[in-house]
Amino acid sequence: MEKRLKPTDIGAPGYFHKVVDCQWACPAHTPVPEYIRLIAQGRHADAYMVNWKSNVFPGILGRTCDRPCEPACRRGRVEENQGEKPEPVAICRLKRVAADYKGDIRERLPKAATAKNGKRVACIGGGPASLTVARDLAPLGYAVTVFEADSRAGGMIRTQIPRFRLPESVIDEEVGYILDLDVDFRPNHRVESLKELLGHGYDAVFVGSGAPRGRDLAIPGREEASKAIHVGIEWLASVSFGHVTKVGKRVIVLGGGNTAMDCCRSARRLGGEDVKVIVRSGYEEMKASPWEKEDAVHEGIPIINYRVPKAFTHEGGRLTGMSFEVVKAVYDESGRRSLVPTGEPDEHYPCDEVLVAVGQENAFPWIERDIGLEFDKWGMPVLDESTLQSTLPGVFFGGDAALGPKNIIWAVAHGHEAAISIDRHCRGEEVAVRPPPHMNLVSQKMGIHEWIYDNQVVPDARHRVPLKELTIALKDIRQEVELGFDPELAWKEAQRCLNCDVQTVFTAKLCIECDACVDICPMDCITFTEDGEEAEVRARLSAPARNPSQDLYVGAGLKTGRIMAKDEDVCLHCGMCAERCPTGAWDMQKSFIEMTHAGPGCRDAAARKAA
């Protein structure tokens, strides 16, 4: 029997969610097109609140996010005017615009609960994951206590991100919004024993302690020259707290991640005149975000690739430099890479200090191994990756402490999921049950050929964020480099958004199969054809649908027995199909998808009714 495509169920919450590529890619599932439209309308406070509800730290993330939404942006794959490198909408920097121009939004934030619900939750670590848990649970009446080893809340946001990227005032403001929810913050309080903490009768414990240990480099000369060799994340923390205020004139930074980029740029501002990054991999393979590498190069910092550290050189305990083996990348038949020596002589680079930024590790010496909490062979807690519950039912993990080092937006996403789990656990409900997102569809039609949203596709290239003059920026480590978009430039960039959340909705019973929509579609993404097996149908569409990860929109029940197949991957959401259709079989409907957070919406039916 021939396999046939099933008609698309657009009522399934996940279907249109996946079509909104940026929101789907965001770990916290922020409704990106929604807030971009609000920014274009000058409604910055509204745009901020859309962000705050889902990603908690709009001002922080608008400067520091790893931007998983941007590689997913539809603009990057459908654009034809940008030459070899089509560029996505500047989603992250538009988020910052909402934060910069929002005004005072305190009256719009949740208030501290007027009555407690009798449940106590401890959060270990004051970073983004723990703060998200606190933000979600405190307004529900939970007594949330946050234990932090440092004097101020923020975790790696405060200790590992330099002030020239993220001003302290932004951290204080957005962390303050959470602590003001009657959260019991315990600074300078390092938890030394989970067993001891559990003995205090908390109903749930959330571990958001991050990945606090930087990897070192055990090669010859490390011990002898130790005074001038520093682990990257520890050095950044010392800079953040003012313990380190200068560096030697010649600095080598080892590593190819974002921490390495922060180290080298910080060193330039603390007196380093000859600062270079030396990496064992190729430039394209470096883990640092492309824009972080570009910023370092813009500041005159060379990145030297395919060099493997061999030894620290020293004289009388004083560091004099480093020697490196020159390697090249060789790939086997399966595509696996190996770094092999080129046979060239080793290279020596003189230096006064070395910053080692070759990775981070988790460390849980304070969690006893006899309390029922299991660890895997890598020393990581055994967790349910959906609920983030450990093998000890009342203990949950999130952020870097859960699944290894990632980034702020993943920590926020973990915090939301853990808060749902904690809420259900404390209410005696099955933790594994996860609430579906909320989704609604609203027609955007105002007239026969008019839409509520601006459906014009503009050809503009991505607008560049203005920067502080380099000579000024390099003099002060607390001088913010990026100036951000002003409202006018933000409006121009917002026009580049393709409104992927305004969906093409097809009603088969109204269709007369005149092919008007097929003729007008600028991307040839609509085809009326015979049904069949999906791979075969994809191949014979007007424009073959080559991305199987994005669904085909299938409409059945046509009078000829054919199906309507639309490739969601390349649709511009321009509305031209709906404008041309003589019968109204096509409509443009805005989908608003909102994740369900801890609270009545995540509870069982009886509990929701009682609430």
Side-chain angles (χ1 to χ4, degrees), residues 4-12 15-21 33-34 37 74-75 77-80 439-459 495 497-532 534 536-547 550-593:
R4 294 188 174 271
L5 291 168
K6 292 181 180 180
T8 299
D9 177 11
I10 63 172
Y15 180 75
F16 282 140
H17 187 179
K18 192 175 178 182
V19 174
V20 189
D21 305 273
E34 178 75 8
R37 277 192 301 272
R74 186 174 300 259
R75 184 109 199 177
R77 64 177 182 273
V78 302
E79 213 164 60
E80 295 179 352
M439 194 272 285
N440 60 17
L441 285 167
V442 179
S443 177
Q444 300 298 286
K445 184 168 283 190
M446 287 199 305
I448 296 175
H449 298 302
E450 290 184 285
W451 309 103
I452 297 171
Y453 78 106
D454 184 358
N455 64 328
Q456 181 180 1
V457 178
V458 300
Q495 302 312 299
C497 178
L498 295 173
N499 297 290
C500 296
D501 60 343
V502 180
Q503 312 293 350
T504 52
V505 175
F506 181 71
T507 305
K509 66 182 180 182
L510 298 178
C511 180
I512 58 174
E513 300 182 63
C514 66
D515 281 359
C517 56
V518 176
D519 296 338
I520 198 67
C521 177
M523 301 301 291
D524 295 325
C525 65
I526 300 172
T527 305
F528 289 85
T529 184
E530 299 301 318
D531 202 349
E534 181 174 348
E536 186 265 332
V537 170
R538 282 180 174 271
R540 61 177 157 87
L541 298 183
S542 301
R546 296 188 174 92
N547 179 11
Q550 186 61 273
D551 295 331
L552 293 179
Y553 183 0
V554 178
L558 298 170
K559 295 178 178 63
T560 62
R562 298 187 300 170
I563 62 168
M564 183 286 300
K566 171 175 169 282
D567 182 7
E568 295 282 24
D569 192 49
V570 295
C571 174
L572 293 177
H573 298 253
C574 63
M576 293 181 73
C577 54
E579 289 183 12
R580 176 62 70 91
C581 181
T583 64
W586 287 103
D587 189 20
M588 304 304 295
Q589 298 185 15
K590 182 165 76 76
S591 61
F592 185 72
I593 300 148

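With contacts defined as side-chain heavy-atom distances shorter than 4.5 Å, the pair Tyr553/Ile10 qualifies. At least one side-chain heavy atom of Met588 sits less than 4.5 Å from a side-chain heavy atom of Thr504. Annotation: side chain of Val457 is not in contact with side chain of Val78 (no heavy-atom distance under 4.5 Å).
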Checking Lys566 against Cys571 for the side chain to side chain contact (heavy atoms under 4.5 Å, CB included) test, could you report, in this order, the C-alpha distance in whole Å, the side-chain angles of both residues, the deciding distance, and whether it holds? CA-CA 8 Å; Lys566 171 175 169 282; Cys571 174; 3.6 Å; yes
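One N or O on the side chain of Asp567 and one on the backbone of Asp569 form a donor-acceptor pair closer than 3.5 Å. Judged by distance alone, with hydrogens and angles left aside, the side-chain atoms of Glu513 form no donor-acceptor pair with the main-chain N or O of Leu558 at under 3.5 Å. Side-chain N or O atoms of Thr527 include one that pairs as donor or acceptor with a backbone N or O of Ser542 at under 3.5 Å.
Under the side-chain hydrogen bond (donor to acceptor under 3.5 Å, both in side chains) test applied with Asp501, the options Lys590, His17, His573, Arg37 reduce to a single match, Arg37.
A search for ring-ring contact (aromatic ring centres under 6.0 Å, His included) contacts involving Phe506 returns Trp586, not counting sequence neighbours. Applying the side chain to side chain contact (heavy atoms under 4.5 Å, CB included) rule to Glu530 yields the partners Arg540, Arg562; only residues at least two apart in sequence or on another chain are considered. The salt bridge (charged side-chain N to carboxylate O under 4.0 Å, His left out) test applied to Asp21 returns Arg74, Arg77, not counting sequence neighbours. Here Thr507 pairs with Lys509, Leu510 under the side chain to side chain contact (heavy atoms under 4.5 Å, CB included) rule; sequence neighbours left out. Residues meeting the side chain to side chain contact (heavy atoms under 4.5 Å, CB included) test with Asp551, sequence neighbours left out: Tyr15, Lys18.
For the pair Ala556 and Ala508, the tightest heavy-atom approach, listed with the atom from each and the gap, is O-CB, 3.0 Å. Across Leu552 and Ala545, no two heavy atoms sit closer than the pair CD2-CB, 3.8 Å.
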Show me, pair by pair, the donor-acceptor contacts under 3.5 angstrom made by side chains of residues 515-526, not counting sequence neighbours?
none

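Here the CZ-CG distance, from Arg538 to Leu5, works out to 8.5 Å after rounding to the nearest 0.5 Å.
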